[in-house]
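Report on the structure given below.
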Amino acid sequence: MDRSLWFQAALLPDGWATGVRIGLANGRIATLETGVERAPGEADQGVALPGMTNLHSHAFQRAMAGLTEARGPSDDDFWTWRALMYRFLDRGGPEEIEAITALAFMEMLEGGFTQVCEFHYLHNDPSGAAYADIAEIAGRVVAATRTTGIGLTLLPVFYAHAGFGGQPPAHGQRRFVTDLDGFADLTARCRALVAGLDGAVVGVAPHSLRAISPDELAMMPALAGDGPIHIHVSEQTREVEDCLDWSGARPVEWLLANAPVDPRWCLIHSTHVTEAEWRGIVDRGAVVGLCPITEANLGDGVFPAVDFAQAGGRFGIGTDSNVQIGAAEELRMLEYSQRLARRGRAVMADPQRSTGRALHDRALAGGAQAGGAAAVLVVGGWADIVALDVEGIAFAGRAGDAVLDSWIFGAPRSGPIRSVWRAGREVVTNGRHIARDAIQARYRQALLRVLGEATA
Ligand SMILES: [Zn+2]
């Protein structure tokens, strides 16, 4: 046994248990006792939750947070945001991207995520030329994973076109573009890169129906191997209109009719769906990847999450643009967006579970499915544990589901998460990542190089 940890309570697959001692060995949970007293001198680790999967991230976008809030010359919508991202990509080399990715992954761990699905689409250098190693930047993502200790589901992105119908890629997309042969090499290299990383998974990510032709999309399941398949779909109303013009069908409608969508698939956003479309997703058992803070920041719209969940739909949460990073923050934004749209309270709760508990359980299961990573505290599973500091004032007098509700809706931004173990290693302690100072210093240097000087 490497170490044992005692918790006042823990959320186990069949519900809350109190007085829980978890023994760790080789990164996994070796023993799990419930109803046991804390031994003399044994530390009280608080309340244990299983680590959450962040099912959608573009880590490098963390560096743009706060730089895209000025109004553009025309309608300040998603398209002006994307234009700024393209400018940002002019200057970020491998070292800068690794430093930014490490910061984002560190903040994910501090925010309660123990696994990240990195939707990785920076394959070429700033001029658009291929790196000598097609997996140069993927290797930097893996390096950031090693620096921070987060679990990785690496999703190399296939991106070949600027719009529906196989339009040639635009200048701003030069860093993303590969052909199918190059992409097959890239996925093979990604598998080699993650060898030996505890709990790492490699899947594939056809970027969107705009960026991949039907023939190319048909190649993706084979390239995924036994890994997951993620795709952006139906995020913006303009995308829906363009897809209708191209095919006569809406994006999710087209995907369900033309791709073998099943539980391996994760449909990122799916914001603008008809009832027939979301019921189709439920029937296929695919996960919807909701990114509530980014969707709010970009003004995308609101997915019909209440109806979808009540019908048995599976969803998880992602931090996408990483404008702000935290599991509780995403779950809160998800619930509040639904409340605002429906003008009601506790809309994601169900008769058996409070709002926080229902949101947490569903996002945990959906995230695990989408990331290919188990997310329950059981003997034999990875020791991915998030410990809440229930001595904090927000938790006074709380137990059971009220702890989750108080974390998600009532706790201050810093403080509630005291410790995080990922594959048995304590990577966050007293709310801070163990390498925070070095990661932040490297990030500052990288941002000075990318931005040149302070940006107004
Ligand atoms: Zn995305």
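Whatever order the structure lists them in is the order used to number ligands and atoms, beginning at 1. When a residue number appears, it is its place in the shown sequence, counting from 1. Everything numeric in this text was worked out from a predicted model, so none of it was measured.
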Would you say the side chain of Val306 lies within less than 4.5 Å of the side chain of Met348, judging by non-hydrogen atoms? yes

Test item: Trp265 and Leu255 side chains (from C-beta on) under 4.5 Å apart, heavy atoms: yes

Matching residue for Tyr121 among Val177, Val157, Thr178 - test: side chain to side chain contact (heavy atoms under 4.5 Å, CB included): Val157

Distance-only donor-acceptor check, side chains Asp405 and Ser354, under 3.5 Å: yes

Tell me whether His58 contacts the main-chain N or O of Ser321 through its side chain, where contact means a donor paired with an acceptor under 3.5 Å. no

Could you go through the salt bridge (charged side-chain N to carboxylate O under 4.0 Å, His left out) check for Arg357 and Asp361 one step at a time? CA-CA 6 Å; Arg357 176 70 185 280; Asp361 285 1; 2.9 Å; yes

Listing by chain and number, what protein N/O/S atoms are under 2.8 Å from the Zn ion (ligand 1)?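 Protein N, O or S atoms closer than 2.8 Å to the Zn ion (ligand 1): His56 NE2, His58 NE2, His232 NE2, Asp320 OD1.
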
